[in-house]
Amino acid sequence: MRSALLIIDIQESFRRRPSWAAVSKPDIAATVAPLIADARERGDLVVWVLHAEPGTGNVFDPGAGHDYVRYLDGLEPLPGEPQLVKTSANAFTTTGLQQLLTAEGVRHLIVTGIQTEWCCETTTRVGCDLGYDVTFVTEATATFPIPHVDERDRPYEEILASPRTLPVADVVARTEYALAGRFATVATVKEVLAR
């Protein structure tokens, strides 16, 4: 069964937001690098996905006059590796990802990226719904504390200090609880490399 490694939103845009100071994996690029090398060695498809929000003027807007909608330093696609740009949370809805995977004969997805519980989880759920066997590599994802809905507009220091903010460890635990055995196999980097 052919696999595809999905590298979702590991991009400079996130590093430019105040929340980066509280990211769960500041070294996410280095964590994902061995998975990329392994996928290439095995002949798996490596698919790069960036998130863009055109016309917003924020750090996800490729036309805003800065160069943030690009991969984090240390990550670089090889010629021929597909690069997609999405405008929704999951990597399927606003891209041709499903068509690409079908054309390449892929049946197994390995999910990595930024926003464990959001972009990575929704991509995993949609992939499962579409019939793919999915491996979710939690330690090759990164995320941020989640503020309570009533506190999202507060200064970030106050959000972090609030007892209503969901800490990263809880975000990760809840994501794994929701996915494991239902939508995906949750695996470590070591387990994926040993397959």
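As a basis for the values below, the full set of heavy atoms in this structure was taken, side chains included, without hydrogen atoms, waters or symmetry mates.
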Determine whether F60 and F14 satisfy the following criterion, ring pair (Phe, Tyr, Trp, His ring centres under 6.0 Å), listing intermediate values before the conclusion. CA-CA 8 Å; F60 292 94; F14 284 105; 5.0 Å; yes
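- Here the closest non-hydrogen pair linking A89 and W118 is CB-NE1, 3.3 Å.
- Between L160 and P145 the shortest side-chain heavy-atom distance falls below 4.5 Å.
- Residue D150 comes nearest to R164 through the heavy atom pair OD2-NH2, 3.5 Å, listed as atom of the first residue, atom of the second, then distance.
- When only modelled atom types and interatomic distance are considered, N58 and E53 share a side-chain donor-acceptor pair under 3.5 Å.
- In this structure, T188 contributes its side chain and V137 its backbone to no donor-acceptor pair below 3.5 Å.
- Y156 and Y68 fall within the same hydrophobic cluster, defined by Ile, Leu, Val, Met, Phe, Trp and Tyr side-chain heavy atoms under 4.5 Å apart, directly or through other members.
- Residue T185 holds its OG1 atom at 6.0 Å from CG of D133, rounded to the nearest 0.5 Å.
- Closest approach of I28 to G113, counting heavy atoms only: CD1-O, 4.3 Å.
- The shortest distance between side-chain heavy atoms of Y132 and R107 falls below 4.5 Å.
- Remark: side-chain polar atoms of T124 are paired, donor with acceptor, to backbone N or O of C120 under 3.5 angstrom.
- At distances below 3.5 Å, at least one donor-acceptor pair connects side-chain atoms of Q11 with backbone N or O atoms of H51.
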Evaluate the side-chain contact (heavy atoms from CB on, under 4.5 Å) criterion for residues F136 and T138: first the C-alpha distance (whole Å), next the side-chain angles of each, then the deciding distance (0.1 Å), finally the verdict. CA-CA 6 Å; F136 190 85; T138 311; 3.4 Å; yes
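- Put simply, the side chain of V47 does not reach to within 4.5 Å of the side chain of V106, judged on heavy atoms.
- One finds the CG atom of D9 at 4.5 Å from the SG atom of C119 (value rounded to the nearest 0.5 Å).
- To the nearest 0.5 Å, atoms OG1 (T123) and CD (Q115) are separated by 11.0 Å.
- Remark: E81 engages R40 in a salt bridge, criterion side-chain N to carboxylate O under 4.0 Å.
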side-chain contact (heavy atoms from CB on, under 4.5 Å) between T95 and V85, worked out: CA-CA 7 Å; T95 69; V85 177; over 6 Å; no
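- Distance check, rounded to the nearest 0.5 Å: CD1 of I8 to CD1 of I114 gives 11.0 Å.
- The two residues H66 and G57 have their closest heavy-atom pair at NE2-O, 4.5 Å.
- Here the CD1-OG1 distance, from I159 to T165, works out to 6.5 Å after rounding to the nearest 0.5 Å.
- At most 12 heavy atoms of other shown residues, nucleotides or ligands fall within 6.0 angstrom of atom CZ in R174.
- Side-chain contact between Y71 and I7 is absent, with no heavy atoms from C-beta onward closer than 4.5 Å.
- The pair R2-E104 meets the salt-bridge criterion, with a side-chain N (NZ, NE, NH1 or NH2) lying under 4.0 Å from an Asp/Glu carboxylate O.
- Exactly one of E121, E117, K25 qualifies for a side chain to side chain donor-acceptor pair (under 3.5 Å) with T143. That residue is E117.
- Under a hydrophobic-cluster definition in which Ile, Leu, Val, Met, Phe, Trp and Tyr are linked whenever side-chain heavy atoms come within less than 4.5 Å, directly or via other members, L179 and V126 are assigned to the same cluster.
- With respect to D73 and R15, no salt bridge is recorded, no charged nitrogen being found less than 4.0 Å from a carboxylate O.
- Linking ILVMFWY side-chain heavy atoms closer than 4.5 Å, directly or via other members, places V23 and L50 in a single hydrophobic cluster.
- Distance check, rounded to the nearest 0.5 Å: CG of L109 to CG of L130 gives 9.0 Å.
- Checked for salt-bridge contact, R195 and E191 miss the test: no charged N lies under 4.0 Å from a carboxylate O.
- Applying the 6.0 Å contact sphere to CD of E41 captures no more than 12 heavy atoms from other residues, nucleotides or ligands.
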Might you work through the side-chain contact (heavy atoms from CB on, under 4.5 Å) test for D38 and L193, ending with a clear yes or no? CA-CA 7 Å; D38 180 67; L193 296 177; 3.4 Å; yes
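- Residue V32 comes nearest to A140 through the heavy atom pair CG2-O, 3.8 Å, listed as atom of the first residue, atom of the second, then distance.
- At distances below 3.5 Å, not a single donor-acceptor pair connects side-chain atoms of N90 with backbone N or O atoms of T122.
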Please walk me through it: do F92 and L101 pass side-chain contact (heavy atoms from CB on, under 4.5 Å)? CA-CA 10 Å; F92 284 97; L101 298 173; 4.0 Å; yes
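- Closest non-hydrogen pair, P62 versus V69, comes out as N-CG2, 3.9 Å.
- Side-chain atoms of T94 never come within 3.5 Å of backbone atoms of K86 as a donor-acceptor pair (strictly under, hydrogens ignored).
- Looking at heavy atoms from C-beta onward, L5 lies out of side-chain contact with D44 at the 4.5 angstrom threshold.
- Linking ILVMFWY side-chain heavy atoms closer than 4.5 Å, directly or via other members, places L166 and W20 in two distinct hydrophobic clusters.
- Under the 4.5 Å side-chain heavy-atom criterion for ILVMFWY residues, no single connected hydrophobic cluster contains both I10 and L84.
- P18 places none of its side-chain heavy atoms less than 4.5 Å from the side chain of F144.
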